[in-house]
Engineer: 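I have a structure here, written as structure tokens, and I will follow up with some questions on it.
Only heavy atoms go into these numbers, but all of them, side chains included; no hydrogens, no water, no symmetry mates. Along the sequence shown, residues carry numbers from 1.
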Amino acid sequence: MRGDNTIGIIVKECSAAIWRLLQPLYMPVPNEETWKSIAKRYYELWDLPNCIGSVDGKHCRIKKFDKTGSLHYNYKSFFSVVLMACADADGIFTTIDVGEAGRFSDGAVFRASNLGKLLLDTDKLHIPKPTPMPNDAFDFPFYMVGDEAFPLKINLMRPYPKRVLDNEKRIFNYRMSRGRKSVECAFGMLASKFEIFQRPIMCHEDTAIKVIKAACVLHNFIKMVEGHFSVPQISKNQENQFTNREMSPSTNNHCSNKSAHELRDYLKKYFLKPENALP
């Protein structure tokens, strides 16, 4: 038998060690080749060209931390800390940020996260230069996808608001939802693997953050070592188009000079072209 304090120390130190040892191997900082590989996988699985990840926030239920009042009380009526994550097409976390109070929205948490701050500086994130999408002539930036809570940026696409939808915008929103579900599936797999997410986490704030980070990197480890991956549903013609795009990048930067709203409109029209439409 061990006392509560002893067990708490063991959990804290073990979680920190798991993160320290596995993070460089199973959640390394992405480089340019990694982003390109993720983008190719997104196109193969979900028909989203130039997409390098989906971002979302998960409220991890906690027992109220000491001396924090209602800081962590969220709109779902329980106490939580936010796990802000970006996942690739197969539901593997590429980057995470843990610890913001549950009272803040996903958009606010994202802006305060390292990913949100660095997204404005693509050189620090090693995001590849804009590249033409299949069946297209203009350089288009690589981008992540998020839901309505996230800001619209050149490298972050979000759906059109529901109040202004027409058929073209509904099609765009549907295509975005195909990409966003990868991070939602990652959260689902995380919660199903580790029962600690099925009930409030009852420990000190620092320990809770270490436990969540350890669970995320263990999720990646299990997924990469023992996981089952989706089989791409892509025709040979589409595969050739993607390969040709990689081999012969365009030098036309017309599209990359547009604003975030103009880029979203351009992507909407791109999805409506017969050669890019889905059944």
Side-chain angles (χ1 to χ4, degrees), residues 1-31 34 38 53-69 71-74 76 78-88 90-104 106 109-110 112-118 125 182-229:
M1 297 292 292
R2 295 289 186 271
D4 291 345
N5 289 338
T6 303
I7 294 175
I9 293 172
I10 292 173
V11 170
K12 181 178 180 179
E13 292 181 350
C14 183
S15 299
I18 289 172
W19 173 259
R20 184 177 66 255
L21 295 174
L22 295 186
Q23 180 271 326
L25 299 175
Y26 297 99
M27 202 187 296
V29 178
N31 55 31
T34 302
I38 292 173
S54 56
V55 294
D56 201 2
K58 174 179 173 60
H59 287 271
C60 301
R61 188 185 296 265
I62 61 169
K63 181 181 178 181
K64 187 177 80 69
F65 299 136
D66 293 338
K67 301 179 181 179
T68 57
L71 178 64
H72 293 273
Y73 196 73
N74 63 32
K76 297 181 178 181
F78 60 84
F79 292 93
S80 66
V81 293
V82 179
L83 163 61
M84 181 60 57
C86 175
D88 67 10
D90 291 291
I92 295 174
F93 296 120
T94 54
T95 178
I96 62 171
D97 194 279
V98 189
E100 285 292 339
R103 66 178 294 182
F104 299 114
D106 285 350
V109 173
F110 178 78
S113 68
N114 290 329
L115 177 62
K117 294 174 182 177
L118 291 175
L125 277 180
S182 64
V183 69
E184 295 169 357
C185 289
F187 288 147
M189 289 184 283
L190 181 72
S192 66
K193 286 189 183 82
F194 303 103
E195 290 190 8
I196 193 169
F197 294 106
Q198 304 295 335
R199 58 184 184 275
I201 301 175
M202 296 182 287
C203 56
H204 295 295
E205 182 174 3
D206 186 44
T207 303
I209 292 172
K210 285 180 169 60
V211 167
I212 295 170
K213 290 169 66 177
C216 289
V217 76
L218 283 172
H219 160 81
N220 280 10
F221 168 75
I222 296 170
K223 181 72 173 175
M224 292 179 183
V225 175
E226 300 180 356
H228 299 282
F229 295 88

Engineer: Side chains of Glu100 and Met84: does their closest heavy-atom pair fall under 4.5 Å?
Structural biologist: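 Side-chain contact under 4.5 Å: no.
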Engineer: Under the 3.5 angstrom rule, does the side chain of Asp90 hit a backbone N or O of Ile92 as a donor-acceptor pair?
Structural biologist: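 The answer is no, because no donor-acceptor pair under 3.5 Å joins these two groups.
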Engineer: Given side chains that start at C-beta, do those of Val183 and Val55 come closer than 4.5 Å, heavy atoms only?
Structural biologist: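 Contact flag for Val183/Val55 side chains = no.
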Engineer: Residues in side-chain contact (heavy atoms from CB on, under 4.5 Å) with Ile196, at least two apart?
Structural biologist: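 With neighbours one apart ignored, the set is Phe194, Ile201, Val211.
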Engineer: Test of understanding: with side chain to side chain donor-acceptor pair (under 3.5 Å), list the residues that count as partners of Ser15, not counting sequence neighbours.
Structural biologist: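 So Ser15 forms no side chain to side chain donor-acceptor pair (under 3.5 Å) with any residue.
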Engineer: Quick check: closest heavy atoms across Cys86 and Gly53, and the distance to 0.1 Å?
Structural biologist: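 For Cys86 versus Gly53, the nearest heavy atoms are SG-CA, 4.0 Å.
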Engineer: Within a 6.0 Å radius of atom CD on Glu195, are there more than 12 heavy atoms belonging to other residues, nucleotides or ligands?
Structural biologist: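 No - once you tally the heavy atoms of other residues, nucleotides and ligands closer than 6.0 Å, there are 12 at most.
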Engineer: Indicate the atoms forming the closest heavy-atom contact of Val82 with Gly57, along with that distance.
Structural biologist: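 Looks like CG1-CA, 4.4 Å.
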Engineer: Not counting sequence neighbours, which residues clear side-chain contact (heavy atoms from CB on, under 4.5 Å) with Lys12? List them please.
Structural biologist: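 For Lys12, the residues satisfying side-chain contact (heavy atoms from CB on, under 4.5 Å) (neighbours in sequence not counted) are Asp206, Thr207, Lys210.
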Engineer: Just to verify, what does His219 make a side chain to side chain donor-acceptor pair (under 3.5 Å) with, not counting sequence neighbours?
Structural biologist: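 Per chain and number, His219 pairs via side chain to side chain donor-acceptor pair (under 3.5 Å) with Lys193.
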Engineer: Please report the interatomic distance CD1(Ile38) to OG1(Thr94), rounded to the nearest 0.5 Å.
Structural biologist: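 Result: 5.5 Å between the selected atoms.
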Engineer: Evaluate side-chain contact (heavy atoms from CB on, under 4.5 Å) for Phe104 paired with Phe110, printing each intermediate quantity in order.
Structural biologist: CA-CA 10 Å; Phe104 299 114; Phe110 178 78; over 6 Å; no
Engineer: Identify each donor-acceptor pair in which a side-chain atom of residues 58-68 lies under 3.5 Å from a protein atom, sequence neighbours left out, and give them as a table.
Structural biologist:
from: His59; atom 1: ND1; to: Asn74; atom 2: ND2; distance (Å): 3.4
from: His59; atom 1: ND1; to: Ser80; atom 2: OG; distance (Å): 2.9
from: Thr68; atom 1: OG1; to: Phe65; atom 2: O; distance (Å): 2.7

Engineer: With a 4.5 Å cut-off on side-chain heavy atoms, are Thr95 and Asn114 touching?
Structural biologist: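 No, side chains not in contact.
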Engineer: At what distance, to the nearest 0.5 angstrom, does CG of Asp106 lie from OG of Ser113?
Structural biologist: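 So the CG of Asp106 and the OG of Ser113 are separated by 10.5 Å.
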Engineer: Please name all residues satisfying side chain to side chain donor-acceptor pair (under 3.5 Å) with Ser192, sequence neighbours left out, ordered by chain then number.
Structural biologist: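 Ser192 satisfies side chain to side chain donor-acceptor pair (under 3.5 Å) with no other residue.
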Engineer: Please identify each residue that fulfils ring-ring contact (aromatic ring centres under 6.0 Å, His included) with Phe197, with sequence neighbours left out.
Structural biologist: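 Phe197: no ring-ring contact (aromatic ring centres under 6.0 Å, His included) contacts found.
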Engineer: Under the rule for side-chain contact (heavy atoms from CB on, under 4.5 Å), what residues qualify as partners of Arg103, not counting sequence neighbours?
Structural biologist: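 Arg103 satisfies side-chain contact (heavy atoms from CB on, under 4.5 Å) with Leu71, Ala101 only.
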Engineer: Run Leu115 and Leu125 through side-chain contact (heavy atoms from CB on, under 4.5 Å) and show every step you take.
Structural biologist: CA-CA 8 Å; Leu115 177 62; Leu125 277 180; 4.0 Å; yes
Engineer: Please list, chain by chain and in numerical order, all residues satisfying side chain to side chain donor-acceptor pair (under 3.5 Å) with Ser182, sequence neighbours excluded.
Structural biologist: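 Per chain and number, Ser182 pairs via side chain to side chain donor-acceptor pair (under 3.5 Å) with Tyr42, Ser54.
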Engineer: Do Leu83 and Cys216 come within less than 4.5 Å of each other through their side chains, counting heavy atoms only?
Structural biologist: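 Yes, their side chains come closer than 4.5 Å.
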Engineer: Identify, with sequence neighbours excluded, every residue that meets side-chain contact (heavy atoms from CB on, under 4.5 Å) alongside Glu184.
Structural biologist: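 By the side-chain contact (heavy atoms from CB on, under 4.5 Å) rule, Glu184 matches Asp56, Arg180, Lys181.
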Engineer: Pick from Ile212, Val109, Ile209: which one makes a side chain to side chain contact (heavy atoms under 4.5 Å, CB included) with Val81?
Structural biologist: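 Among the candidates, only Ile212 passes.
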Engineer: Output all residues satisfying ring-ring contact (aromatic ring centres under 6.0 Å, His included) with Tyr73, sequence neighbours left out; order by chain, then residue number.
Structural biologist: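 By the ring-ring contact (aromatic ring centres under 6.0 Å, His included) rule, Tyr73 matches Phe79.
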Engineer: Using atom types as modelled and distance alone, determine if a side-chain donor or acceptor of Asn220 lies under 3.5 Å from a backbone N or O of Tyr26.
Structural biologist: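 Yes.
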Engineer: How far does CE of Met27 sit from CE of Met224, to the nearest 0.5 angstrom?
Structural biologist: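 Here the rounded value is 8.0 Å.
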